[in-house]
Amino acid sequence: MTDIPPSHPRYLSLITRERLVEMVHRGIASEAGLIAHGRGEAYDYLIGERTNDFAEKAERAAVASLLLAEHPVISINGNAAALSGKELIELGRETGSLLEVNLFHRTGERVERITEYLISLGAKHILGPEPDARIPGLDHARALCHKDGIYSADVVLVPLEDGDRAQALKKMGKKVITIDLNPLSRTARAADITIVDNIIRAIPNMVSLAKEMKKTAEEELQKIIDSYDNEHILRSALEEIGRAVDRL
Ligand code: PTJ
């Protein structure tokens with residue numbers, strides 16, 4: 001890894017990049033994942049590289065939805081595993097969600113590597129390597145999933161997702177939660193809850209929220225969900241981007 005001094009003003013961003021590059025070499029993230037990350041970084045600049053109010057509200061509604069779900073599943077792709085593997089496992093534990101490795105650029109070998117990597121981080125049970133169902137309406141290997149996992153989930157968290165698959169999951173009647181720094185992406189617009197935040201901030205926030213909200217009464221959690229308006233959240237994110245000029 002390149003030696004980056006912690007005093008560098010872009011330290012966090014630079015070590016995150018280094019981490020992703022290393023994960024590409026380890027066969028966990030895909031090469032296309034680097035491009036996806038670059039796009040995310042650009043939007044992160046525009047929202048001030050912080051968790052804004054609109055993201056905090058979405059994170060809260062997302063955690064409430066996972067806690068109230070019958071069968072919540074967290075879908076993990078290469079970038080998500082590389083950047084937030086440990087914290088995603090913790091979120092699964094705190095919300096009672098199953099974890100499923102589900103890839104856009106799917107190869108059996110990469111699913112295996114990500115699964116082994118998550119197990120090395122402490123995951124007890126990971127779905128992914130032996131898919132036995134398909135998401136209807138999608139061709140190719142990206143449709144593959146587990147019957148007991150994503151296929152039968154009522155609520156699914158799909159961070160950094162491809163627009164097509166997010167829409168296909170919606171068509172299956174699932175509640176779709178995404179984390180996407182681009183509020184204009186097809187995924188961001190298709191989802192029921194869009195967290196416009198960097199996954200490296202969003203997941204730790206959601207773990208803290210889950211620990212706190214686990215003790216909240218179901219009716220209170222339901223109120224959080226009922227008062228949530230994703231259209232408004234996406235507009236607020238775009239307004240924040242419009243205010244980037246004020247931060248000059
Ligand atoms: O590991 P695989 O094969 O499943 O592939 C994963 C990627 C991410 C490469 C694949 O799903 C893909 O190509 O995704 P897209 O269509 O590029 O969409 C990714 C979205 O995530 C984009 O809108 C980015 O702005 C956003 N994004 C990128 N990095 C982050 C992010 N959002 C939150 N946090 C990030 N760190």
Side-chain angles (χ1 to χ4, degrees), residues 12-21 23-52 54-55 58-59 62 74-85 87-88 91 99-115 117-118 128-129 131 135 138 140-145 150 156-169 176-191 193-206 233-234 237-238 241:
L12 185 59
S13 158
L14 292 174
I15 54 161
T16 305
R17 283 185 181 186
E18 289 289 321
R19 183 179 177 77
L20 207 50
V21 169
M23 290 298 189
V24 172
H25 293 312
R26 286 174 61 178
I28 288 170
S30 67
E31 288 177 349
L34 297 174
I35 299 168
H37 185 74
R39 178 156 53 185
E41 276 188 329
Y43 281 99
D44 207 9
Y45 253 86
L46 293 169
I47 60 162
E49 293 179 307
R50 59 169 185 243
T51 299
N52 288 275
F54 51 80
E59 285 160 11
I74 300 176
S75 173
I76 303 187
N77 65 18
N79 285 45
L83 297 178
S84 306
E87 296 79 6
L88 283 162
L91 184 63
L99 307 179
E100 179 167 340
V101 175
N102 201 260
L103 304 182
F104 183 73
H105 306 281
R106 188 182 181 107
T107 65
E109 195 190 337
R110 203 149 70 83
V111 175
E112 287 289 347
R113 283 195 188 195
I114 296 171
T115 303
Y117 175 63
L118 294 170
I135 300 169
L138 287 181
H140 305 301
R142 70 202 164 113
L144 295 173
C145 65
I150 288 176
V156 55
L157 169 62
V158 285
L160 285 57
E161 183 59 270
D162 149 71
D164 253 17
R165 203 161 47 183
Q167 281 173 338
L169 291 168
V176 174
I177 303 167
T178 194
I179 301 172
D180 194 328
L181 280 160
N182 175 5
L184 291 168
S185 78
R186 286 193 311 133
T187 302
R189 288 184 292 127
I193 299 178
T194 307
I195 299 166
V196 184
D197 200 3
N198 197 316
I199 190 169
I200 65 174
R201 295 187 299 267
I203 301 294
N205 287 345
M206 289 169 76
I233 292 296
L234 289 176
L238 285 167
I241 288 174

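Remember, it's 1-based here, ligands and their atoms both numbered in the order they're listed. Nothing here was measured: the structure is a model prediction, and the numbers come from that model.
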Is there any N or O on Asn198 that sits under 3.5 Å from an N or O of ligand 1? yes

Taking only heavy atoms of Glu161, which atoms of ligand 1 are found under 4.0 Å from at least one of them? 18 (O)

Gly33 heavy atoms within 4.0 Å reach ligand 1 at atoms 9 (C)

Give the residue and atom name of whichever protein heavy atom lies nearest to atom 34 (N) of ligand 1, and the separation in Å to one decimal. Ile199 N, 3.0 Å

Going through the distances and angles, do Leu181 and Ile47 end up as a side chain to side chain contact (heavy atoms under 4.5 Å, CB included)? CA-CA 9 Å; Leu181 280 160; Ile47 60 162; 3.7 Å; yes

Can you name the atoms of ligand 1, numbered from 1 with element, that are less than 4.0 Å from a heavy atom of Asp197? 33 (C), 34 (N)

Quick one: pull up CD1 in Ile35 and OG in Ser30 and give me the separation to the nearest 0.5 Å. 8.5 Å

Sub-3.5 Å donor-acceptor pair from the side chain of Thr178 to the main-chain atoms of Val158, do we have one? yes

How about atom 12 (C) of ligand 1: does it have a protein heavy atom within less than 4.0 Å? no

With only distance considered, is His105 within less than 3.5 Å of ligand 1 through an N or O on each side? yes

I'd like to know if the side chain of Ser185 pairs up with that of Asp180 as donor and acceptor (distance under 3.5 Å, no hydrogens or angles considered). yes

Which protein non-hydrogen atom lies closest to atom 6 (C) of ligand 1, naming both residue and atom, and how far is it? Asn77 ND2, 3.6 Å

Look only at the side chain of Arg186 and the backbone of Asp162, and say whether a donor-acceptor pair between them is shorter than 3.5 Å. no

Between CD1 on residue Ile15 and CG on residue Leu20, distance to nearest 0.5 Å: 12.5 Å

Give the atom numbers and elements of ligand 1 that come within less than 4.0 Å of a heavy atom of Arg110. 1 (O), 2 (P), 3 (O)

Ranked by distance from atom 10 (C) of ligand 1, the top protein heavy atom is Phe104 CB, 4.1 Å

Can a donor-acceptor pair be found, under 3.5 Å and without considering hydrogens, that links the side chain of Asn77 to the backbone of Ser75? no

Interatomic distance, Phe104 atom CZ to Leu160 atom CG [nearest 0.5 angstrom]: 13.0 Å

protein heavy-atom neighbour closest to atom 17 (O) of ligand 1 works out as Arg39 NH2, 2.9 Å

With a 3.5 Å distance limit and no angle check, can you tell me whether Arg19 reaches the backbone of Ala82 through a side-chain donor-acceptor pair? yes

Numbered atoms and elements of ligand 1 in range of Gly78, under 4.0 angstrom, heavy atoms: 1 (O)

Should one rank Leu184, Ile35, Thr107, Asp180 by closest heavy-atom distance to atom 26 (C) of ligand 1, which comes out on top? Asp180

Determine which pairs satisfy salt bridge (Lys or Arg N to Asp or Glu O under 4.0 Å) with at least one residue from residues 25-47, sequence neighbours left out, and list them in order. Arg17-Glu41, Glu22-Arg26, Asp44-Arg201

Distance to 0.1 Å, residue and atom name: give those for the protein heavy atom nearest to atom 28 (C) of ligand 1. Ala36 O, 3.1 Å

Of all the non-hydrogen atoms in the protein, which one sits nearest to atom 31 (C) of ligand 1, and at what distance? Leu160 CG, 3.6 Å

Of all the non-hydrogen atoms in the protein, which one sits nearest to atom 32 (N) of ligand 1, and at what distance? Leu181 N, 3.2 Å

